[in-house]
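See below for the structure under consideration.
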Amino acid sequence: MDDEQTRQDLADEQLINEAFQKLLDSYLASRHRKKVDLITKAFNFARQAHKGVRRLSGEPYIMHPIAVAQIACEEVGLGSTSICSALLHDVVEDTDYTVEDIENIFGAKIAQIVDGLTKISGGIFGEQASAQAENFKKLLLTMSDDIRVILIKICDRLHNMRTLESQPANKQYKIAGETLYIYAPLANRFGLYKIKSELENLSFRFEHPDEYTSISKKLELTQQQRELLFEQFKAPIKEALDQMGIDYEIKQRVKTPYSIWSKMQNKHVTFEEIYDILAVRIIFTPKVREDEINECFSIYVAISKIYKSHPDRLRDWLSHPKANGYQALHVTLMSKTGQWIEVQIRSDRMNEVAEQGFAAHWKYKDGLEDEEYTEDEAELNDWLRTIKEILDDPQPDAMDFLDTIKLNLFASEIFVFTPKGEIKTMPAGCTALDFAFSIHTFLGSHCIGAKVNHKLVPLSHKLNSGDQVEILTSKSQHVSPSWINFVSTAKAKAKIQAILRRDSRETLKTGEEILQEFLKKNELDLTPAIIDQLAEFHDIPKRNDFLIALGEKTVLLGEKDLDELNGNNKKQDGKSGWRKYIPFIGNKKEEMPKQELFIVPEKFNRKKPIYISEENINHYKFMGCCHPIPGDDALGYINNKNQIEIHKRACPVAAKLKTSYGNRILDIKWDMHKKLFFDATIRVGGIDRVGLLNEVTQIISAQMNVNIHTVNITCEEGIFDGSIELRVHDREDVKTIIDNLKSVADLKEISQVI
């Protein structure tokens, strides 16, 4: 046994030393100052601190901090401060060492970053909130002082995603959901394109394994024809660029399984109908660094003489780079085989910035020592300032807070001018009111309208790139609740909500007094449970909103409320956002015996999957936001009443739950045997002709023996569009029906409505 242990220790030792040597080699190959001693000291300290601890995968724990440091160094291009912080990032959380210990040994800067990366206990949002939102807020607070905190956190998340295999399924959904909801958009915001793509892809792989496998296989099968298309397409381009004497390389970029799947979902198309799976990149080394933008345009002119370019698809990110530093010229060309192909033209510097993001900027600044963050990244600083302002006045609700932060993470950008001709970058789809708040809160809160290109427009007017905007204000103007509906930036939303919250505190107090009086009169005590019960009864999801409604007298309390509190009033199924199964057995409408909803006991094993069968299906709440049916990739969520809600894993509501309440997520497996029927809706569209609808209904009813519940079809100028509501057993039925409908001539679009 001792020999076995010694062998294991020696193997671990070798594994750890090799990983650390690889890290040092990567660091020495970079352009940073050579602080090998400091990195070695951090490594030895972390190794000692984590001694004897293993990860779920079985490897020594220290392998994780080394891997995170490796990603920070090699893939993000960070220097010694970040590498040391990455090596030490779990020491305070998992061992007896404190932030003070780190500061004494490694200095204030590394200690500050490690502190920012350490999870917290104790609440900023209060009792109701989730630990994840708390930790995320702390991360952002520290990030606004030192951006490396969030960059290392993204590296940490990437390594966790790469090793997610060893986690139980419910943990996988939680971590993958959180990654897709927050960390991939953050990586995008910092221009870490490669990391963003990998995070999305890994999340997709764990949440929807079947779709991931299916798309990956199709990509493999079509690889040969893509190679052929690429070779034929680039040959004349090579010839032209060689004649111009340009130092270049032409690469192909293939869409990731995740981005293909997203497009299939959003555009209701099949894999075969996605035309832009292949894109081409021309990366060149400019003859003169200062002239790289002109060289991009010279290449564009040369290749547009070979292929016809799409007039609406020219994207110029050269003169005005994206907020994350991305620069390139995108043009879509028609290949000789009749396919549109996007070509991205960028210099080697632009390419490095596109792959590595802001960290790559530092490499191109003369005399910049190590990785000191400079204040001249104006766009990034604006964004950090916005984050700071939101953090100054956090949402009381964890979900709202995460939503507000996320709002702008993925937004594409437009350029707007002030009356003095200064240029401002704003998210696409923003309004005049967003612009007002982006300049100053006072301007936003007193805004009555705007002049866009010298014409008077309302607050809700959507801005376009190139607009010149002048904001008009009045001291008598006050923030209105309706403003929330048409602003689209995080800053404007956060400010409006903060002002409305201040205004609503008085109303809330009045509502509380009204409720207290009503309960006192009926000899009941005011408790949070009673407020929740009445709020749900009036279909108001939040406690405070219910009290405000009482204060505004839009809700009046009466006999029915009393009946509800005394348990005499049964709310009808379907009103509270969840559906009671099962609609019917066989073909007759036949109610299942009434069963109580399952209540999760205190000592409940959340790691084990829950199997849903015909016998226990009525124990769970099937949520109306996404209508899960057997066969769907689903998950369970333990709500505040300890009942289990069932959602599709791709459901937007579930995305927020995974991010904010990950410890309440459960793995769901189906154990159904095609005995029960469920609702599913199929959308169809195509060219109208006599007998078409009859053919469609024949396939569904006669061939497949599936009940059609309702049919809605509209026809305009020979084109029809409609939906068919069916009773099916499971997801497999839906897929079979869609496949069979594809044989109907003139039916051009068939998809399932979520």
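Listed by chain and number, the residues in a salt bridge (charged side-chain N to carboxylate O under 4.0 Å, His left out) with Arg54 are Asp12 (sequence neighbours excluded). In this structure, the side chain to side chain contact (heavy atoms under 4.5 Å, CB included) partners of Thr710, at least two apart in sequence or on a different chain, are Glu725. With sequence neighbours excluded, no residue forms a ring pair (Phe, Tyr, Trp, His ring centres under 6.0 Å) with Tyr183. When the salt bridge (charged side-chain N to carboxylate O under 4.0 Å, His left out) test is applied to Lys263, the partners found at least two apart in sequence or on another chain are Asp276. Checked against side-chain hydrogen bond (donor to acceptor under 3.5 Å, both in side chains), Thr507 has no partners two or more places apart in sequence or in another chain. Residues passing the ring pair (Phe, Tyr, Trp, His ring centres under 6.0 Å) test with His647: none are found, sequence neighbours excluded. Here Asp532 pairs with Arg543 under the salt bridge (charged side-chain N to carboxylate O under 4.0 Å, His left out) rule; sequence neighbours left out. By the ring pair (Phe, Tyr, Trp, His ring centres under 6.0 Å) test, Tyr212 is found to be paired with Phe204, residues two or more places apart in sequence or in another chain being considered. Residues forming a salt bridge (charged side-chain N to carboxylate O under 4.0 Å, His left out) with Glu512 (at least two apart in sequence, or on another chain): none. Residues passing the side chain to side chain contact (heavy atoms under 4.5 Å, CB included) test with Asn712, sequence neighbours excluded: Ser723. A search for ring pair (Phe, Tyr, Trp, His ring centres under 6.0 Å) contacts involving Trp670 returns nothing, not counting sequence neighbours.
Lys674 and Glu614 are not joined by a salt bridge, as no carboxylate oxygen comes within less than 4.0 angstrom of a charged side-chain nitrogen. Under the 4.0 Å criterion applied to side-chain N and carboxylate O atoms, Lys520 and Glu513 are not assigned as salt-bridge partners. A salt bridge is defined here as a Lys NZ or Arg NE, NH1 or NH2 lying under 4.0 Å from an Asp or Glu carboxylate O, and Lys669 with Asp667 meets this definition.
A donor atom on one side chain and an acceptor atom on the other are found under 3.5 Å apart for Tyr637 and Arg664.
Surrounding CD of Glu517 are at most 12 heavy atoms belonging to other residues, nucleotides or ligands under 6.0 Å away.
Counting only residues at least two apart or in different chains, ring pair (Phe, Tyr, Trp, His ring centres under 6.0 Å) contacts with residues 156-177 comprise His64-His159.
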